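Written out below as C-alpha cells is the structure these notes cover.
Treat the numbers as computed from the prediction; the structure is a model and nothing was measured.
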Amino acid sequence: MEIDNYKSKTKKAPLKTKPRTRPLPKAKQNYLEAEETLFQELEENLIGYRRKFKFESTKNWRFDFYIVRLNLLIEIAGSSWAVGRGGKKIANAFSKYDLAEDMGYKIEHFHPDSILSGYVIDWIKSELARLEDGPDQTIS
C-alpha cells in the first residue's frame with residue numbers, strides 16, 4: 001500500500017523506520033586513561049589483582065579491579081556502565097554493591113583524577129603494608 005493511500009484510509013501517519021537498538025554506551029577518555037594507569041601500576045608493584053572482576057556468576061555485574069590480598073573491589077567513576085540518570089540503573093547498582101558487601105568484599109570508588117595523581121596506588125600500598133604489620137596491638 002502506498003503512503004498517500006495509507007494516510008487517506010487510516011488518517012494516520014506511516015510508521016517511522018527507526019532502529020530499535022541503541023549503540024552501547026562508550027567509556028569516557030579519562031576513565032580509559034585511569035584504568036590503564038592503575039593496571040600498569042599494579043603490574044609494576046607486583047600486586048595481585050583481577051581486571052573486570054565478575055563476583056557473581058549468575059549476574060553480569062563487574063567491578064573494574066579486584067585486589068586479591070585485600071579482598072577489595074575497585075570501581076572507577078566514569079565507566080560506560082556507571083550509574084546514569086536514574087531508575088533501574090541506580091537500583092541495579094545498589095543491589096550490586098549490597099550483594100558484594102554481603103559476600104564479604106570491601107568496595108571503594110575512585111575518581112580518575114585520584115588514580116592519575118598516584119593517590120590510589122599509594123593508598124593500596126599502605127593498606128597492604130598495614131595488613132602485613134598485623135592487627136593493632138593497643139587494644140587489650
Side-chain angles (χ1 to χ4, degrees):
M1 184 179 282
E2 292 193 22
I3 294 174
D4 294 333
N5 196 9
Y6 175 81
K7 277 177 122 177
S8 65
K9 289 186 178 183
T10 61
K11 307 270 195 267
K12 293 181 183 177
L15 295 175
K16 295 180 181 176
T17 56
K18 180 178 162 185
R20 297 231 175 231
T21 58
R22 293 169 55 192
L24 291 174
K26 294 193 168 122
K28 297 176 184 169
Q29 184 62 31
N30 61 350
Y31 164 79
L32 296 172
E33 291 171 3
E35 184 182 30
E36 189 60 31
T37 302
L38 186 59
F39 164 69
Q40 290 173 355
E41 289 172 342
L42 290 171
E43 283 286 319
E44 288 172 5
N45 292 301
L46 301 174
I47 297 172
Y49 71 95
R50 291 189 191 162
R51 202 170 180 180
K52 301 292 181 195
F53 180 66
K54 187 175 179 178
F55 67 95
E56 176 70 26
S57 62
T58 59
K59 300 283 187 181
N60 198 18
W61 291 334
R62 287 183 177 84
F63 282 89
D64 296 322
F65 288 95
Y66 170 59
I67 309 300
V68 179
R69 291 204 46 221
L70 296 174
N71 202 24
L72 174 71
L73 297 169
I74 296 177
E75 185 89 344
I76 303 172
S79 72
S80 57
W81 301 105
V83 177
R85 290 178 295 206
K88 197 172 186 180
K89 280 186 179 179
I90 289 178
N92 237 354
F94 286 143
S95 59
K96 166 182 160 179
Y97 300 143
D98 289 342
L99 182 62
E101 286 177 348
D102 290 344
M103 293 173 76
Y105 295 107
K106 292 179 270 182
I107 301 170
E108 288 292 332
H109 304 276
F110 292 109
H111 194 271
D113 293 339
S114 63
I115 294 171
L116 294 172
S117 69
Y119 166 76
V120 174
I121 195 68
D122 293 338
W123 180 79
I124 291 172
K125 284 187 215 175
S126 69
E127 289 292 312
L128 287 170
R130 194 174 58 85
L131 184 69
E132 288 176 3
D133 291 343
D136 190 7
Q137 299 297 327
T138 59
I139 300 172
S140 59

- Query: In Å and rounded to the nearest 0.5 Å, what is the CZ to CZ distance from Arg50 to Phe65?
  - Reply: 14.0 Å

- Query: Quick one: CD on Glu33 to CG on Asn30, what's the gap to the nearest 0.5 Å?
  - Reply: 7.0 Å

- Please check if any side-chain donor atom of Tyr31 sits under 3.5 Å from a side-chain acceptor atom of Asp64, or the reverse. yes

- Interatomic distance, CG@Leu116 vs CG@Leu38, rounded to 0.5 Å, equals 9.5 Å

- Message: I need the Ile115 CD1 to Ile74 CD1 distance, nearest 0.5 Å.
- Response: 7.0 Å

- Message: Quick check: closest heavy atoms across Ile76 and Pro112, and the distance to 0.1 Å?
- Response: CG2-CG, 4.0 Å

- Message: Between Lys96 and Glu75, is the salt bridge (Lys or Arg N to Asp or Glu O under 4.0 Å) condition met? List the steps.
- Response: CA-CA 12 Å; Lys96 166 182 160 179; Glu75 185 89 344; 3.4 Å; yes

- Message: Counting C-beta onward and ignoring hydrogens, is there a side-chain heavy-atom pair between Tyr105 and Phe63 closer than 4.5 Å?
- Response: no

- Message: Please find the pair of heavy atoms, one from Glu108 and one from Leu72, that lie closest to each other, and give the distance.
- Response: CG-CD1, 3.5 Å

- Task: Before giving the answer on salt bridge (Lys or Arg N to Asp or Glu O under 4.0 Å), spell out for Lys28 and Glu35 the whole-Å C-alpha distance, their side-chain angles and the decisive distance to 0.1 Å.
- Result: CA-CA 11 Å; Lys28 297 176 184 169; Glu35 184 182 30; over 6 Å; no

- Query: Could Arg51 and Glu36 be called an ion pair, given the rule that one side-chain N must be under 4.0 Å from one carboxylate O?
  - Reply: yes

- Task: Would you please test Leu73 and Lys106 for side-chain contact (heavy atoms from CB on, under 4.5 Å) and show each step?
- Result: CA-CA 6 Å; Leu73 297 169; Lys106 292 179 270 182; over 6 Å; no

- Message: More than 12 heavy atoms of other residues, nucleotides or ligands under 6.0 Å from OH of Tyr119: yes or no?
- Response: no

- Checking Arg62 against Phe53: charged group under 6.0 Å from the ring centre and within 45 degrees of the axis? no

- Would Trp61 and Lys54 count as a side-chain contact (heavy atoms from CB on, under 4.5 Å) if you check the C-alpha gap in whole Å, the side-chain angles of each, and the deciding distance to 0.1 Å? CA-CA 6 Å; Trp61 291 334; Lys54 187 175 179 178; over 6 Å; no

- Could you tell me which non-hydrogen atom of Trp123 sits nearest to which non-hydrogen atom of Ser126, and how far apart they are? O-OG, 2.7 Å

- Query: Would you say the side chain of Tyr66 lies within less than 4.5 Å of the side chain of Tyr49, judging by non-hydrogen atoms?
  - Reply: no

- To the nearest 0.5 Å, what is the distance between CG (Asp122) and OG (Ser117)? 8.5 Å

- Item | Point-to-point distance, once rounded to the nearest 0.5 Å, from CG of Leu42 to CD1 of Ile121 | 4.5 Å

- Indicate the atoms forming the closest heavy-atom contact of His111 with Ala77, along with that distance. CA-CB, 4.4 Å

